[in-house]
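Some notes on the structure that comes next.
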There are 2 protein chains.
Amino acid sequence: MLPFVRALSKRDRLSVAEITLLNSLPFRKVAFVPGAEIIAEDSRPGESCMVMRGFAARSHYLRNGGRQITALHVPGDFVDLHAYLLKVMDHGVAAINSCEVGFTSYDSIRRATEQSPHLGRLFWLSTVIDGAVQRAWITCMGRLSTKQRIAHFLCELYLRLEAAGIASDNRYALPLTQTQLGDLLGLSVVHINRKLQELRSTRLVDWKGGMVFINDFDALAELAEFDPTYLSLRIEPR
Amino acid sequence: MLPFVRALSKRDRLSVAEITLLNSLPFRKVAFVPGAEIIAEDSRPGESCMVMRGFAARSHYLRNGGRQITALHVPGDFVDLHAYLLKVMDHGVAAINSCEVGFTSYDSIRRATEQSPHLGRLFWLSTVIDGAVQRAWITCMGRLSTKQRIAHFLCELYLRLEAAGIASDNRYALPLTQTQLGDLLGLSVVHINRKLQELRSTRLVDWKGGMVFINDFDALAELAEFDPTYLSLRIEPR
DNA sequence: CGGTTTGTTGAAACAGCTCAAGAAATGTGG
DNA sequence: CCACATTTCTTGAGCTGTTTCAACAAACCG
């Protein structure tokens, strides 16, 4: 089953017909090496893409060479449903690690939404959840301490990966470098490094060898003022 | 004409039937005094709302009493279309100044989208543009200097107000206090105050008596690395 | 007109950045 | 499986940006 279907089914009941329709969406699968550009800034794609395996990031680059990651996409994320309506990319999408992405044409998206308006709303929901995540990031960046931001990010990612069915037991593979985490949280590597050490020393969470181990999720969430409401991980008729 | 219709018509061609349909959406209009809560955090609204007059803000509050504004909504913004799909509010919406808001039920939204799938996509577009604005804010907060952040915000708001038909000639009414601007950009009032003075001293922009005067939009945009692509202010078939 | 909110200023403390260098981990070709 | 090159992580030191606290001035409101 597609991780996307699994993630959707954490948010609403899907009929067998809808699952069939989703599984029959024609995906052109492409593999990307770490750092490769998946969708170029300013391009006008004719397809949307979904992460099948690995991580991808949306990012903006600045004049001084600085980078800001505005979203991290994990397996099951319908990354570029936005572009179906925005038409022009205002940012680029790149592979974080070695990853596989599926492309499907706007035509097939439109056909699916016309065949099932409910599925159309679920596609819409997927973009709206992305927006909720971005709002949470804005709050983190504006008002939380560095240690809290890191903790918040680690909590969020655990729940998202769990929803996609690729994390459990409070642990998951996180293929990010500290530089990338800095670009994501809007901080320098050096500072990330130091605060990460402080966070590790609390023993609430570990991150080594590309694996995150959350030893005390509740305490970590408490530290980060993390409230999972914004992830909409509840089954509701939508 | 609704400012919402005006803003949409900057992004796609609307048929007469669609404009009629929009104008016939039943809106229950409510006036709010400055600071009043329009939608409560954690509530489950049964209606979406649109700003008719004045400004409204989404915000998160933190344990220490801090506040982060994650979106500023101006006349023509269909503020709470998100909740149509999210169901539970993960944040509150409050009036910035004295404002008028129109509420319309999820039922009428659903009827309109079923009557016109194209209008449905335009509603979806409206939420996706909100997301694009949030991504731009993330980049601002993470990687721009304070002066740039202020400048970026002032540029963005001018274009959004112009699209809604309530700003022109590089000037507009901005009913924010410096404290609110700080909550929006994730900075303290004191710092906002000092950097605002520096920005004023460049003569690129003025802000006094609740009015913003952009003396040199291009130079201000250049300073802020502002690229309006993300606002999707182009007519495209969507 | 007086009370309250908003804007402005100074000074000290703290958070985060940059630069630079060395240590550890990872990847690659032989 | 080792040796080497490259990337990533870690550390120190000095500097810049931002916050906090506290006070006063100016603007606004009833």
Side-chain angles (χ1 to χ4, degrees), chain A residues 33-36 55 57 62-69 94-98 140-151 153 173-201 205-212 223, chain B residues 33-36 55 57 62-69 94-98 140-152 173-201 205-212 223:
Chain A
V33 298
F55 284 27
L62 294 129
R63 271 205 294 259
N64 64 9
R67 177 193 196 193
Q68 176 66 46
I69 294 179
I96 288 284
N97 56 350
S98 164
C140 283
M141 296 179 68
R143 294 300 186 208
L144 295 189
S145 72
T146 298
K147 232 189 299 185
Q148 286 181 301
R149 287 195 227 183
I150 299 173
F153 170 72
L174 181 63
L176 285 181
T177 65
Q178 291 184 10
T179 303
Q180 288 168 330
L181 185 57
D183 288 343
L184 194 134
L185 299 176
L187 296 161
S188 70
V189 212
V190 174
H191 197 233
I192 288 281
N193 182 278
R194 290 193 237 259
K195 293 299 169 175
L196 207 44
Q197 290 178 49
E198 283 183 32
L199 196 56
R200 276 197 272 246
S201 76
V205 63
D206 268 323
W207 178 23
K208 49 190 172 198
M211 288 292 297
V212 170
L223 167 71
Chain B
V33 298
F55 284 26
L62 294 128
R63 270 205 295 259
N64 63 10
R67 177 195 195 191
Q68 177 65 47
I69 294 178
I96 288 282
N97 57 350
S98 164
C140 284
M141 296 179 68
R143 294 301 187 207
L144 295 189
S145 72
T146 299
K147 234 190 298 184
Q148 286 181 302
R149 287 195 226 183
I150 299 173
H152 198 281
L174 181 63
L176 285 181
T177 65
Q178 291 185 8
T179 302
Q180 288 168 330
L181 186 57
D183 287 343
L184 194 133
L185 300 176
L187 297 162
S188 70
V189 212
V190 174
H191 197 232
I192 287 282
N193 183 279
R194 290 194 236 257
K195 292 299 169 177
L196 207 43
Q197 290 178 48
E198 284 183 31
L199 196 56
R200 276 197 272 247
S201 76
V205 64
D206 268 323
W207 178 23
K208 49 190 173 199
M211 287 292 297
V212 170
L223 168 71

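Atoms considered below: every heavy atom in the structure, side chains included; atoms not considered: hydrogens, waters and symmetry mates. By convention in this document, chain letters (A, B, ...) are assigned in the order of the sequence lines, proteins followed by strands, and residues within each chain are numbered from 1.
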Next on the checklist: Using a heavy-atom cut-off of 4.0 Å across all strands, would you classify A:Val189 as base, sugar-phosphate, or nothing?
Outcome noted: nothing

Next on the checklist: Output the rounded distance in Å from CD (A:Gln180) to C1' (D:dT7).
Outcome noted: 12 Å

Next on the checklist: Could you tell me the boundaries of the chain A footprint on DNA chain C, defined by atoms under 4.0 Å from its heavy atoms?
Outcome noted: C:dG16 to C:dC19

Next on the checklist: Would you say A:Asn193 places a side-chain N or O within less than 4.0 Å of OP1 or OP2 belonging to D:dT10?
Outcome noted: yes

Checklist entry - Is the shortest heavy-atom distance from the side chain of B:Val190 to the side chain of B:Arg194 under 4.5 Å? => result yes

Next on the checklist: What contact category does A:Arg200 fall into here, base, sugar-phosphate, or nothing, at under 4.0 angstrom with non-hydrogen atoms?
Outcome noted: sugar-phosphate

Checklist entry - Mind checking whether B:Leu144 and A:Leu62 have side chains closer than 4.5 Å, heavy atoms only? => result yes

Checklist entry - Rounded to whole angstrom units, what separation is found between the CZ atom of A:Arg194 and the P atom of D:dG12? => result 8 Å

Item to check | Sugar-phosphate, base or nothing in reach of A:Thr177, heavy atoms under 4.0 Å | outcome: sugar-phosphate

Checklist outcome for this item: When B:Arg143 and B:Thr179 are each assigned the nearest nucleotide of DNA chain C, the 5'-most assignment goes to B:Thr179

Checklist entry - For the pair made of NZ in B:Lys195 and C1' in D:dG17, what is the distance, rounded to whole Å? => result 7 Å

Checklist entry - Is there a side-chain contact between A:Leu185 and A:Thr146 (heavy atoms, below 4.5 Å)? => result no

Next on the checklist: At 4.0 Å (heavy atoms only), tell me whether A:Thr146 reaches a base, stays on the sugar-phosphate, or touches nothing.
Outcome noted: sugar-phosphate

Next on the checklist: Assuming nearest nucleotide by heavy-atom distance, tell me which of A:Val190 and A:Gly210 is located more 5' along DNA chain C.
Outcome noted: A:Val190

Item to check | A:Asn97 side-chain N/O to A:Phe55 backbone N/O, donor-acceptor pair under 3.5 Å | outcome: yes

